[in-house]
Amino acid sequence: MEKVKAFAFVGTVLKNLFRKPATTKYPFEPAQYPERMRGHVEIDMQNCITCGLCMRACPSQAIRVDRKAGTWEISRFDCVQCENCVNMCPKKCLTMEIGYTQPDVEKTKEQFIKPIEEP
């Protein structure tokens, strides 16, 4: 009975020896993202009117908009990539870019400032 237990995984081992690896060569080859991956939020501050609809649509409250200061701020680690902000934006200045948020050791916020329009 003990010999049967010792050879229980021999079939699996032999099968895996002749199969392609399940892992990718990520650092040496670019990552292949799935077709419908949401990625992360990007903003085009040239078109943003700082209306705050994206902030109100965000379920995780990762976006802060200050209309008076003309700033748009996102906490990338609080964002759940639900795409609600992109769908609510009236000027379509928000987009979902393919790719993951870069890892970091602490939570940081990215702030974007609306450029001053010259008359």
- Item | Lys25, NZ atom: more than 12 neighbouring heavy atoms under 6.0 Å | no
- Answer yes or no: is there a donor N or O on one side and an acceptor on the other, between the side chain of Lys114 and the main chain of Cys48, under 3.5 Å? yes
- Verify, without hydrogens or angle tests, whether His40 (side chain) and Gly99 (backbone) share a donor-acceptor contact under 3.5 angstrom. yes
- State the CZ-OG1 distance between Phe112 and Thr50, to the nearest 0.5 angstrom. 14.5 Å
- Item | For the student: nearest non-hydrogen atoms of Cys58 and Ala62, plus distance | SG-N, 3.2 Å
Contacts table for residues 75-89: side-chain donor-acceptor under 3.5 angstrom, sequence neighbours left out:
from: Ser75; atom 1: OG; to: Asp78; atom 2: OD2; distance (Å): 3.1
from: Arg76; atom 1: NE; to: Glu110; atom 2: OE2; distance (Å): 2.6
from: Arg76; atom 1: NH1; to: Val41; atom 2: O; distance (Å): 2.5
from: Arg76; atom 1: NH2; to: Val41; atom 2: O; distance (Å): 3.2
from: Arg76; atom 1: NH2; to: Glu110; atom 2: OE2; distance (Å): 3.3
from: Asp78; atom 1: OD1; to: Lys107; atom 2: NZ; distance (Å): 2.8
from: Asn87; atom 1: ND2; to: Glu83; atom 2: O; distance (Å): 3.2

- Item | Gln61 vs Arg64 side-chain heavy atoms within contact, under 4.5 Å | yes
- Sub-4.5 Å side-chain heavy-atom contact between Trp72 and Ile63: yes
- Message: With rounding to the nearest 0.5 angstrom, report the CD1 to CZ distance, Ile98 to Arg36.
- Response: 11.5 Å
- Note on the structure: Per side-chain contact (heavy atoms from CB on, under 4.5 Å), Cys54 is matched among Val65, Ile74, Ile43 by Val65
- Query: For Thr108 and Glu106, does a side-chain donor sit closer than 3.5 Å to a side-chain acceptor?
  - Reply: no
- More than 12 heavy atoms of other residues, nucleotides or ligands under 6.0 Å from CD of Glu97: is that the case? yes
